[in-house]
Amino acid sequence: MRNTFLPKILLPLILLIQVAQSDPDPLQDFCVTDVATTQPFFFNGAPCLDPALAIPSHFTTSILSKAGDTGANPFGFNVTLTNAKNLPGSNTQGLTMARIDIAPNGLVPPHSHPRASEVTLLLSGNLLVGFVDTSNRLFTQQLRAGDSFVFPRGMLHYLYNLNSLAPALAVSGLSSQNPGAQLSPLANFMTKPMIIYDVLKKSFQISAKDVERIRKNLGG
Ligand SMILES: *[C@@H]1O[C@H](CO)[C@@H](O)[C@H](O)[C@H]1NC(C)=O
């Protein structure tokens with residue numbers, strides 16, 4: 001029993017825990033992004049600045065203090081994100097902050113973050129939020145200012161501003177320094193190169209004309 005414990009039980013357990021983790025844990029107190037680096041190779045996170053050169057301002061940013069332009073896309077939303085460049089102290093810490101501005105009746109269309117769970121705090125306005133699990137069950141809630149909602153990792157979710165007069169402002173914390181985002185309308189209809197008509201026609205049970213119209217409406 002003793003001899004088989006490690007390979008038979010402990011190893012699979014360790015592997016499982018490794019797979020279930022989000023970003024790898026930092027090996028040092030911090031790893032302030034060396035924004036000036038010209039290292040010609042990629043690795044998991046950005047290269048670290050010499051810790052002795054780190055200063056308090058590396059750990060602060062005003063990037064979320066300004067509203068994004070909600071008129072730059074047909075949906076009426078804008079997301080501003082912290083990242084390892086604009087908030088160098090966040091490098092390797094496994095987190096991202098997002099500022100979400102949504103115009104009156106604007107929508108953050110169904111999308112997913114392949115590498116992060118998300119918790120959203122509504123600061124002002126009214127939002128209808130929802131996510132869909134892998135059995136197509138919808139979990140939806142109406143949020144008022146001060147309410148929070150969790151979007152589990154990888155699940156398709158949306159945020160809709162129910163108010164036709166006032167904008168909505170929310171902030172999110174995401175559990176990865178590179179959450180990634182796939183917006184369902186764009187990932188289907190606005191790819192480069194384009195997904196062939198037959199695939200979209202069959203997938204959505206629509207005509208070639210419908211495909212064309214959707215692409216045009218999305219700005220294609
Ligand atoms: C968000 O707003 C910025 C300007 O504030 C703009 O450059 C950018 O294109 C907008 N993003 C989207 C997805 O509309």
Side-chain angles (χ1 to χ4, degrees), residues 23 33 35 46 57-91 95-132 140 143 145 148-195 200 204 211-220:
D23 297 5
T33 311
V35 290
S57 67
H58 285 138
F59 298 86
T60 190
T61 180
S62 300
I63 194 93
L64 303 184
S65 66
K66 287 185 294 279
D69 175 12
T70 57
N73 61 73
F75 308 110
F77 81 97
N78 200 297
V79 174
T80 311
L81 294 168
T82 66
N83 57 44
K85 248 195 163 146
N86 60 30
L87 183 55
S90 71
N91 190 36
L95 51 85
T96 295
M97 285 287 291
R99 175 192 173 121
I100 305 155
D101 289 287
I102 312 181
N105 282 162
L107 170 73
V108 185
H111 65 284
S112 73
H113 306 293
R115 290 175 292 276
S117 313
E118 174 175 2
V119 59
T120 294
L121 166 64
L122 180 61
L123 295 180
S124 63
N126 301 91
L127 282 185
L128 179 73
V129 298
F131 74 85
V132 182
T140 182
L143 305 184
S148 294
F149 191 81
V150 171
F151 302 109
R153 181 156 95 183
M155 301 291 113
L156 211 58
H157 61 282
Y158 58 84
L159 303 90
Y160 177 59
N161 183 356
L162 291 165
N163 195 318
S164 59
L165 299 173
L169 171 62
V171 293
S172 279
L174 295 118
S175 65
S176 167
Q177 90 174 54
N178 187 17
Q182 272 193 309
L183 274 75
S184 158
L186 306 184
N188 283 292
F189 290 97
M190 298 293 280
T191 58
K192 283 183 191 125
M194 284 179 179
I195 296 177
L200 293 174
F204 294 95
V211 175
E212 253 165 44
R213 196 165 58 120
I214 293 169
R215 280 185 171 149
K216 199 162 151 268
N217 291 347
L218 293 175

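One-based numbering, in listed order, for ligands and for the atoms of each. All heavy atoms count here, side chains included; hydrogens, waters and symmetry mates do not.
- When side chains are defined from C-beta on, N217 does not count as touching R215, because their heavy atoms never get closer than 4.5 Å.
- Listed by chain and residue number, F189, I206, L218 satisfy the side-chain contact (heavy atoms from CB on, under 4.5 Å) test with I214 (two or more places apart in sequence, or in another chain).
- Under 4.0 angstrom from ligand 1, the non-hydrogen atoms of D69 come from both its backbone and its side chain.
- F75 and F77 have tilted rings, their planes meeting at an angle from 30° to 60° on a 0 to 90° scale.
- Looking only at protein heavy atoms, the nearest one to atom 10 (C) of ligand 1 is N78 ND2, 2.5 Å.
- Contact between T70 and N78 at its shortest, heavy atoms only, is CG2-N, 4.0 Å.
- In this structure, atom 5 (O) of ligand 1 has a protein heavy-atom contact shorter than 4.0 Å.
- Annotation for ligand 1: atoms under 4.0 Å from non-hydrogen atoms of N73 are 12 (C), 13 (C), 14 (O).
- Residues Y160 and Y158 keep their aromatic ring centres 6.0 Å or farther apart.
- In this structure, atom 9 (O) of ligand 1 lies nearest to the protein heavy atom A72 CB, 4.0 Å.
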